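Right, one structure below, let's go through it.
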Amino acid sequence: MSFYLKPKLFEALRGYNTKKFINDLTAGIIVAIIALPLSIALALASGVEPACGIYTAIAAGFFVALLGGSRVQIAGPTAAFATIVASIVAENGMNGLFIATILAGIILVLMGILKLGSLIRFIPKTITVGFTGGIAVTIFIGQIKDFLGLTYADGVKPVETIEKLEANFESLSTLSWQSVVVGVISLAVLIFYPKLEKRIPPSLIAVLLCGFAVAFISVFDKGVFTIGDLYTIKSGLPKIDFASMDFSINTILSVLPNAFTIALLAGIESLLSCVVADGMIDDKHNPNAELVGQGVANIASVLFGGIAATGAIARTAANIKNGGRTPIAAMIHSVVLLLVILFLMPYASLIPMPTIAAILFVVAYNMSEWRHFVSVIKTKNMSEISVLLVTFVLTVVFDLVVAIIVGMILYIIIEAVRRITKKGVVEN
């Protein structure tokens, strides 16, 4: 294998010993506990079955560890993909999502082979901050229904963010006070529990506490929906019906723009996560190997019944903080989740939907980078601010594909005008 595509696993296994394994084992188990409720929540936000999130974490987590360019990267479903996956499923079904993710995986592998890993850093920060903030807003709006326990009128199935916002206002009369109470308690646990105790993930505490509370309350008054009330919880390994899938040229062409968006987003987020991880463990990742690993991981994810995946900064940081130093930790995280899907998945049906919404509220807040957003508006020139705001608004009002395309075109035009103007001033 060429050096520039050599996975970090080979390097990390040199001198591997029992002490390193114990550290990786501890970190892998803890990260799996963190990933479990988060994977389910992100699957629901993506418009797919709860188990799909765990399938994604299992397959993507394992193959990124096996072939990727970072010692400590944890891959799986992330909030950045939730809106794009949901829109693909709404427009093209699971068949369209399958094909788009396969194509994205192929694009990522080609990007790695062509040594394009270092080029990702040239994507303007204003665009990444803009669409990241936009995604955070869409996730937040998408969870209002479950947090408040709203019930939409028959036939109302909003897809776009603005449609969801309108449907929420129209359905406010159906608000469930029980759901609001459970949601507020969940939020309180997620916000304040980490200030008291950092070893146990707050999302797990919220799920267990509110799950037991809702199970008790439902004996007297069924006022809170659980995952089991709205979705079918499947145990065991996924079953993919390849024979029924449509691989026609028309289908491929229709999802190709989404495939490029998934590939670009996966590359940006994964390499950003690697950069953060490098600073935490004093290492240097291999960007091209990471792109190949992410590409294979996305292909493996959908073949295993999952959705699009990328490196997850928060889970990667948790891996590092708990002692993970080699890709073995990420592999253990995948094995633990596999055991959960085989033996414990039915218990996920007891998780209250307001708790899932609260977890996603916190995810949206953390990924919004609102301080950076405000900083750009305060310190940058009008050209950069316009790119930021256009990308942000288009992500919320339309979708990520439109936002990135228009944002890049606007940035290129502004940059070209700036250079031409600067050249003219110098010549004069």
Side-chain angles (χ1 to χ4, degrees), residues 42 45-47 78-92 96-97 100-101 103-104 107 120 122-144 158-169 253-269 272 308 310 360-361 363-418:
L42 291 169
S46 301
T78 63
F81 279 139
T83 53
I84 185 88
V85 169
S87 66
I88 295 172
V89 172
E91 295 174 14
N92 304 100
L97 177 62
T101 310
L103 292 173
I107 293 168
I120 295 292
F122 293 110
I123 300 293
K125 189 64 178 177
T126 47
I127 289 180
T128 59
V129 173
F131 72 64
T132 300
I135 291 169
V137 171
T138 60
I139 290 173
F140 182 88
I141 292 174
Q143 297 308 308
I144 292 175
V159 175
E160 302 296 336
T161 302
I162 302 303
E163 292 175 347
K164 291 179 181 178
L165 195 58
E166 292 173 351
N168 289 336
F169 277 114
L253 292 176
S254 67
V255 300
L256 194 57
N258 289 321
F260 276 104
T261 302
I262 291 173
L264 182 63
L265 198 55
I268 293 172
E269 190 167 6
L272 177 60
T310 184
L360 288 168
F361 280 167
V363 168
Y365 175 83
N366 289 335
M367 77 170 293
S368 66
E369 295 188 349
W370 68 269
R371 291 182 180 85
H372 196 166
F373 195 102
V374 173
S375 175
V376 171
I377 293 178
K378 287 183 176 180
T379 61
K380 299 297 182 180
N381 57 48
M382 283 304 300
S383 297
E384 292 177 285
I385 293 173
S386 64
V387 172
L388 172 75
L389 295 178
V390 166
T391 306
F392 172 79
V393 171
L394 291 178
T395 301
V396 175
V397 176
F398 294 100
D399 59 45
L400 199 57
V401 178
V402 174
I404 290 177
I405 291 174
V406 175
M408 283 299 297
I409 291 173
L410 181 60
Y411 174 81
I412 291 170
I413 292 173
I414 290 174
E415 188 66 13
V417 170
R418 185 187 68 80

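In this text, all values refer to a predicted model and were calculated from it rather than measured experimentally.
- Scanning all heavy atoms of the two residues, the minimum distance from Ala80 to Ile84 falls at O-CG2, 4.4 Å.
- Identified under the ring pair (Phe, Tyr, Trp, His ring centres under 6.0 Å) test for residues 375-394, with sequence neighbours left out: Phe373-Phe392.
- Going from atom CZ of Phe140 over to atom CG of Leu165 covers 10.0 Å, rounded to the nearest 0.5 Å.
- To the nearest 0.5 Å, atoms CD1 (Ile414) and CD1 (Ile409) are separated by 12.0 Å.
- For the atom pair Ile385 CD1 and Lys380 NZ, the distance stands at 10.0 Å (nearest 0.5 Å).
- Residues forming a side chain to side chain donor-acceptor pair (under 3.5 Å) with Glu415 (at least two apart in sequence, or on another chain): Arg418, Arg419.
- Looking at Ile107, Leu103, Ile88 one by one, the single match for side-chain contact (heavy atoms from CB on, under 4.5 Å) with Ile262 turns out to be Ile88.
- For the atom pair CG of Leu388 and CD1 of Ile127, the computed distance is 10.0 Å after rounding to the nearest 0.5 Å.
- Pairs passing the side-chain hydrogen bond (donor to acceptor under 3.5 Å, both in side chains) check and including a residue from residues 124-142, sequence neighbours excluded, do not occur.
- When atom types are taken as modelled, the side chain of Thr395 and the backbone of Gly134 share no donor-acceptor pair closer than 3.5 angstrom.
- Listed here is the closest heavy atom pair of Ala79 and Val363: CB-CG1, 3.5 Å.
- Within the model, atoms CG of Leu265 and CZ of Phe81 stand 4.5 Å from one another, a figure rounded to the nearest 0.5 Å.
- Here the straight-line distance linking atom CG of Leu97 with atom CG of Asn92 works out to 9.0 Å at 0.5 Å rounding.
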